[in-house]
There are 2 protein chains.
Amino acid sequence: MGAAHPLRQQPQALKALMGIRDLVLGGAVTPGARLSEVAIAERLGISRTPIRAALARLEQEGLVEILPSGGYAVRRFSRSEVSDAIELRGVLEGTAARLAAERGAPPDRLAALKAIVEELDGAVADWPEALDFDRYVELNAAFHDTLAGLSGSETIRREVERVKNLPFASPSAFLDKQADVPAFRRSLVTGQAQHRAIVEAIEMREGTRAEALAREHARLARANLEYVMEEDRSLLARVPALALVNE
Amino acid sequence: MGAAHPLRQQPQALKALMGIRDLVLGGAVTPGARLSEVAIAERLGISRTPIRAALARLEQEGLVEILPSGGYAVRRFSRSEVSDAIELRGVLEGTAARLAAERGAPPDRLAALKAIVEELDGAVADWPEALDFDRYVELNAAFHDTLAGLSGSETIRREVERVKNLPFASPSAFLDKQADVPAFRRSLVTGQAQHRAIVEAIEMREGTRAEALAREHARLARANLEYVMEEDRSLLARVPALALVNE
DNA sequence: ACATAACAAAATGTATACATCGTCGATAGC
DNA sequence: GCTATCGACGATGTATACATTTTGTTATGT
């Protein structure tokens, strides 16, 4: 599945990375607040060294920012930045889809992608009401991971995976049991139709169509974001990925 | 111009980053070879700590890779990876151009971009033979930096700048006095025409056209890459950015 | 009461010491 | 002569100690 990065993380380094991620996304530290290295080190029970490494990495990923005077702080995202990050994911996934179509995807991987779509179809269609969120999220993530690697270009795959590290830009950002509203549920049906169309376009070597579809697919997440901001701001607290959005 | 990153680098950290970059790009260590932390530390006269930080960052940038057993090595790039990185730059710059056109670029920044194009015109047209490479490189870099920030999306700007950190993906990769061949020189004329067209498209709010043009503009670099690989491999050694390409 | 300057506390940046793991080589056995 | 295992060397991963900068507070002067 997603061998994500060539990460051969050492135990402490891994603890630091996951720990800080949880701290930030769990709302333990408010956006904009300083991330004190000693405080984190004590809280996680490890030394400052892996903490610093993790912070530097998270800065590269865009989750934390460097303070002008040194040190790091939890990054705050404006609504437009979230929107742009989603658009960016669409652009990159679109490129992955286009290249896969133009260059021809490896038959086995394309078959795997089609199998995932079939399973997704089952998950969505069988019991539209009693949908298994966990299962859908898992399959959806698998679809996007497979798509990212379908072009055979490691360069593209890396960048797609990179942008997905931003929590709200992930394809599963708005898929959460805590945020189970009809509007989101409807988007799953549309999304699944787009999944099918993307695979079809790649199979037919229709690069431009595949790219446009993947972009539009990402914009489904943007629509969900707008729904949260305009229609039901109470979801802001219930969608974990949106904890960092201020404005 | 390009305040690149919110990097408030400490002296040792900066020395480490620049030093290792020079080591890798200068060919002091062969691609694939291990980058021993102690060796680098002794060579640069600083401790291992900033070295490690710089290596971790360069791994994120894609210049070095993590060895399965730990530590880092100089990354080797296949021809297709170089080609894909250039394509990726085109995709991202294309997105920057499209968004600038769709959303409307700030008048002052657009004016600045037009001024750069004017200056570039002078540099190219006045003395086609006695072209000042340094000046052209500087203006060309300014054009691409300005374009990256023209959409107003910091997210997009960041990503464009990121991919440009890969030496061979930079817009100036094939602009070098050491590699002054007629084929490259001709590409400058075509490139300058594309610069003009990109600005025009953004000004006319023609987003799709702007995106397509920016992509095609990047493919000029891809053509130069193919020229090196197919027509004149002696350039492989003369174009500094291509030192990491094996195959 | 307010502003300013000096001082103290704390945080980061850097260096070094220690622990752990991988790799290379030598030696012993077959 | 070849292979396998044991051991030493070296490298990275981690922790800690030190130095420098930043920040917050307090006291003093106007």
Please report the distance, rounded to the nearest Å, between [atom1] in [X] and [atom2] in [N].
| X | N | atom1 | atom2 | value |
| --- | --- | --- | --- | --- |
| A:Ile51 | D:dG13 | CD1 | P | 16 Å |
| B:Ile40 | D:dT12 | CD1 | C1' | 13 Å |
| A:Gln10 | D:dA15 | CD | C1' | 15 Å |
| B:Glu37 | C:dA15 | CD | P | 14 Å |
| A:Leu67 | D:dG24 | CG | C1' | 16 Å |
| B:Glu42 | D:dA11 | CD | P | 9 Å |
| B:Arg48 | C:dA17 | CZ | P | 12 Å |
| A:Arg52 | C:dT16 | CZ | P | 16 Å |

### Task
Check whether any side-chain heavy atom of A:Leu23 lies under 4.5 Å from a side-chain heavy atom of A:Ile40, and answer yes or no.
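Counting from C-beta outward, A:Leu23 and A:Ile40 do come under 4.5 Å.
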Answer with base, sugar-phosphate or nothing: what part of the nucleic acid does [X] contact at a heavy-atom distance below 4.0 Å?
| X | value |
| --- | --- |
| B:Leu35 | sugar-phosphate |
| B:Arg34 | sugar-phosphate |
| B:Thr49 | base |

### Query
Would one find a side-chain N or O of B:Ser69 under 4.0 angstrom from OP1 or OP2 of D:dT12?
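For D:dT12, OP1/OP2 do not have a side-chain N/O of B:Ser69 under 4.0 Å.
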Between [X] and [Y] (salt bridge meaning N to carboxylate O under 4.0 Å), is one present in this structure?
| X | Y | answer |
| --- | --- | --- |
| A:Glu81 | A:Arg75 | yes |
| A:Arg135 | A:Glu119 | yes |
| A:Glu61 | A:Arg57 | yes |
| A:Glu87 | B:Arg98 | yes |

Between [options], which nucleotide gets closest to the side-chain atoms of [X]?
| X | options | answer |
| --- | --- | --- |
| A:Ser36 | C:dA11, D:dA15, D:dG13 | C:dA11 |
| B:Pro50 | C:dG13, C:dT14, D:dT14 | C:dT14 |
| B:Val38 | D:dT14, D:dT12, C:dT14 | D:dT12 |
| A:Gln12 | C:dA15, D:dT14, D:dG13 | D:dT14 |

